[in-house]
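Read the structure below first, then the notes.
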Amino acid sequence: MSERTRRERMKLDPVEMPERSADSRRTDFGEVNEGYTAELAMAEAERCLFCARPTCVEGCPVGVDIVNFVHRVEAGEFEEAAAVISADNSLPAVCGRVCPQETQCEGACGLAKKGKAIHIGHLERFVADYARDHDHAPAPVPSPTGKRVAIVGSGPSGIACASDLVGLGHEVTVFEALHEVGGVLAYGIPEFRLPKSIVAAEMDQLRARGVRFETNAVIGMVDTVDDLLSVEGYDAVFIGVGAGLPRFLNVPGENLIGVFSASEFLTRVNLMRAYVEDSDTALIEVEGKAVVVFGAGNTAMDAARTAVRLDAASVTIAYRRSREEMPARTEELDHAEAEGVRFETLVGPVELHGDDDGRLTGVMLQKMILGEPDADGRRSPVPVPEQIREIPVDVAIVAIGNTPNPLLLRATPDLEQSKWGTVVVDHDTGQTSKPGVFAGGDIVTGGATVILAMGAGRRAAAAIGEFLGSSAELEEELL
Amino acid sequence: MNTIVESRPVASEITLLRIAAPKIARKHRAGQFVMVRVAEVGERIPLTIADSDPEAGTITIVVQAVGKTTEMLTSLGVGDEILDLAGPLGTPSEVEDFGTVIVVGGGVGTAVSYPTAVALSKAGNSVISIIGGRSQENLFFEDELAAVSTELHVCTDDGSAGRRGLVTDALADVLAATTVDRVLCAGPVVMMEAVAEVTRPYDVPTVASLNPIMVDGTGMCGGCRVSVDGTNYFACLDGPDFDAHLVDFPLLAQRNRAYVDFEAKRREAMQPCAAVSVDVEAAT
Ligand SMILES: Cc1cc2nc3c(=O)[nH]c(=O)nc-3n(C[C@H](O)[C@H](O)[C@H](O)COP(=O)(O)OP(=O)(O)OC[C@H]3O[C@@H](n4cnc5c(N)ncnc54)[C@H](O)[C@@H]3O)c2cc1C
Ligand SMILES: Cc1cc2nc3c(=O)[nH]c(=O)nc-3n(C[C@H](O)[C@H](O)[C@H](O)COP(=O)(O)OP(=O)(O)OC[C@H]3O[C@@H](n4cnc5c(N)ncnc54)[C@H](O)[C@@H]3O)c2cc1C
Ligand code: FES
């Protein structure tokens, strides 16, 4: 480790993430960020001041021991660094790529005020990729407890929960409604941001450790939660079904051909591979067309950048608030802009127009100004009277959020829900109103983040571990 | 998994497949469907569960070969496996003792309305079935329907079987002669729209089983949205059955044409069937 003083460290410039040029990456779905080399990672780690009170760790939703892992990176001890991260984060290769670091660890970094926060996410990604490329042995599993747990949903919450439970010696089966596992990581976040091979590697690790995956299993329709417990003999159930029901705008013309939810657009492209020449899944013609995306979160950026890669003539993000309020990760906004996505702020769609065949031709945009801050402290948009104009559009993508999918919940009436349709749980344990049934991730919080879902899955795993441990003890007592 | 145990043509370009799917068979209720995918990079398509046998652990689907995926599916034989099969999906049809019920099936829609006719008959209804097709060779399930119906009316466009004319002609006659408590229909969109118009003056509750384009079939994409009484519903979650008097049929017809160019191109590019079934085997 270098003996640089604090002062010297503060003078070092941040090591930027090598990325493919906007011109080259716009034409394919290959990953945009190329990743640090060992040298770059060590150079970036060298900037860390190892603060006495590490605010970065406080900023991490799952409390990864960031100072410790960055220290190891600086020393070139990458496998050790990986072990430090893994203690708190079971999906580091994913989180390193998709966490909103600027509002979490990096936002809390002592150097953030100077605009020179340590690139913790890039380092996390490097360490996780390094470990994956160098250490193939899956983590060992203890001798079986004989207890069986059913996990419903294979998104980040479900797989984090599965990983910890199999690590406790329980028999784990993950049920997934779709034909592919991974949740949003598989069907939502595109290849250019999160290569599918990364998600697949995580799944392979779990399989190697004995986790079983059952795809095409729509719980609630085929087995219900009660069936899993009483007929199939599972001792506990974790529900991590996500918030997968797309919200629409509720404006006239929304059913025109060419108007999609971002979920449909991204599912057709990512899950169903509609961008591949021989795919059987149709996609509306995007090449040479004018595309507008409503919303400005990560989903909106993913949809917009996907449209860029499908050779749209123009891609516009239309957002009701201003650039500052955009909820997407900063990196996504920057990447989108570099790839030629136009940002049109302070406008809201009020009507969509189509031709005689019902195909979208244009959208009426209402001018907005920012009014008083709302309950979340965000300033809410207010329409400016009579300032409406029409722009020509062939494809419109609605990315204004999701609500919980009622499919499983309808079939589980004794599961307490909030008025938003989310599942009510004890925050620390994920325990629902139903004995033996736990939940976490977006189905509890509404659309949130990978790291929060992951954290919730792990807390629930710990609680399920205790629940099963105690019921095992109970059985012994009864004998 | 999902092994085909029986495959036989039941009408021109319409094939019945019985598939080993014990869990789906146990849970299936009339009106529900499965999502099927037959090959890697294949699409997911919805197909009604026409029948189920919980004891044998099988479900039956009846498939009309209209495009690439349905053609690949109907070219599969006994012993072949279906790559992906998810279900049962959708809200089951409302089944209770309504009294006298007319069940209308047009074309392959007969496979959709058949299980509901069976369930309604079991629930004590007197079921009047009406089926229609272009010609005799397009009809199927006449015997099966006759077994659960008090009357069976067959209509063909060319008069080669039953009466010459449309199902709506038969429907109008029955409605004029009998007091009917409920009407159910499944088939081409124009047919369902016409059925709704025939029953509207009688004020008979009328249900249509809608067939929008679906992707996931689990409520995740909203591609299957249909407009009923001015409100959007996801047909895979809240349907496929909806109040036919309130459905925006022209919109449904329009949306179902969203990909006609792509579908036509894909059909043209289709490999010979033999090559396709080899592909499917390699993929399973
Ligand atoms: C396009 C997009 C981009 C995003 N970008 C980011 C980002 O950059 N950073 C970030 O932190 N977060 C991002 N998010 C949010 C993040 O992906 C989610 O918060 C996270 O995936 C939630 O995890 P989960 O485990 O709760 O559920 P999900 O990932 O939603 O997975 C739930 C799974 O359960 C399955 N399921 C549902 N119902 C059933 C049932 N009845 N039976 C069986 N299975 C069922 C679903 O098919 C799905 O596979 C993004 C989301 C989207 C949609
Ligand atoms: C709830 C429901 C139940 C159905 N039950 C049956 C059934 O029991 N038997 C049967 O033969 N058919 C049924 N269908 C219709 C069947 O899904 C389509 O015929 C099939 O998807 C066509 O696919 P293809 O690739 O062969 O043809 P394509 O060439 O892709 O399409 C031919 C036509 O089928 C429709 N279609 C295409 N893709 C889809 C899709 N993903 N989802 C729905 N419709 C699509 C379109 O209107 C299109 O113009 C049902 C549809 C729904 C929604
Ligand atoms: S098919 Fe996707 S929501 Fe119904």
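Values in this document were obtained by computation on a predicted structure and should not be read as measured data.
- A salt bridge links B/Lys23 and A/Asp223; the closest N-O separation between the charged side-chain nitrogens and carboxylate oxygens is under 4.0 Å.
- A/Phe29 and A/Phe192 have tilted rings, their planes meeting at an angle from 30° to 60° on a 0 to 90° scale.
- Put simply, of A/Val398, A/Thr224, A/Val259, the one with the most heavy-atom pairs under 4.5 Å next to chain B is A/Val259.
- The backbone N or O of A/Gly182 sits less than 3.5 Å from a side-chain atom of A/Ser154, completing a donor-acceptor pair.
- With a 4.5 angstrom heavy-atom cutoff, B/Arg26 touches chain A only via side-chain atoms.
- Side-chain atoms of B/Thr218 and B/Asp216 form a donor-acceptor pair, as typed in the model, at a separation below 3.5 Å.
- Nearest heavy atom pair, residue B/Pro88 against residue A/Met221, reads O-CB, 3.0 Å.
- Applying the 6.0 Å contact sphere to CD of B/Glu13 captures no more than 12 heavy atoms from other residues, nucleotides or ligands.
- Judged by distance alone, with hydrogens and angles left aside, the side-chain atoms of A/Ser261 form a donor-acceptor pair with the main-chain N or O of A/Glu264 at under 3.5 Å.
- With a 4.5 Å cut-off on non-hydrogen atoms, A/Phe265 does not touch chain B at all.
- Side chain of A/Glu232 to backbone of A/Asp227: no donor-acceptor contact under 3.5 angstrom is found.
- Between the side chains of B/Ser227 and B/Tyr233, no donor-acceptor pair of N or O atoms lies under 3.5 Å.
- Side-chain atoms of B/Ser93 and B/Asp241 include a donor-acceptor pair closer than 3.5 Å.
- Each of B/Leu210, B/Val226, B/Val189 was compared with B/Val247 under the side chain to side chain contact (heavy atoms under 4.5 Å, CB included) criterion, and only B/Leu210 meets it.
- Applying a 4.5 Å heavy-atom cutoff, the residues of residues 249-256 of chain A that approach chain B are A/Glu254, A/Asn255, A/Leu256.
- At a 4.5 Å heavy-atom cutoff, the contact between B/Gln32 and chain A is made by side-chain atoms alone.
- For B/Asn232, the part lying under 4.5 angstrom from a heavy atom of chain A is the side chain only.
- Between chain A and the residues B/Leu89, B/Thr231, B/Ile45, the largest count of heavy-atom pairs under 4.5 Å involves B/Leu89.
- Ionic pairing of B/Arg200 and B/Glu197 is present here: one or more N-O contacts between side-chain nitrogen and carboxylate oxygen are shorter than 4.0 angstrom.
- Taking B/Met220, B/Arg37, B/Lys27, B/Met35 one by one and counting their heavy-atom pairs under 4.5 Å with chain A, the maximum is reached by B/Met220.
- Between chain A and the options B/Glu43, B/Arg225, B/Glu263, the largest number of non-hydrogen pairs under 4.5 Å is found for B/Arg225.
- Contacts of B/Arg255 with chain A are made by both backbone and side-chain atoms, with heavy-atom separations under 4.5 Å.
- With respect to chain A, the highest number of heavy-atom pairs below 4.5 Å among B/Gly219, B/Gly87, B/Gly42 belongs to B/Gly219.
- Of the two parts of B/Ile213, only the side chain, counted from C-beta on, holds a non-hydrogen atom closer than 4.5 Å to a non-hydrogen atom of chain A.
- Between chain B and the residues A/Ser279, A/Pro406, A/Ala217, the largest count of heavy-atom pairs under 4.5 Å involves A/Ser279.
- Around atom CZ of B/Arg29, no more than 12 heavy atoms belonging to other residues, nucleotides or ligands sit under 6.0 Å away.
- Considering only heavy-atom pairs separated by less than 4.5 Å from chain B, the leading option among A/Glu285, A/Met272, A/Arg273 is A/Met272.
- Ranked by non-hydrogen atom pairs under 4.5 Å with chain A, the options B/Asp261, B/Asp248, B/Val215, B/Val34 are led by B/Val215.
- By number of non-hydrogen pairs under 4.5 angstrom with chain B, the leading residue of A/Asn405, A/Val218, A/Val222 is A/Val222.
- A/Lys289 and A/Asp394 are not joined by a salt bridge, as no carboxylate oxygen comes within less than 4.0 angstrom of a charged side-chain nitrogen.
- Ranked by heavy-atom pairs under 4.5 Å with chain B, the first of A/Gly244, A/Gly220, A/Ser263 is A/Gly244.
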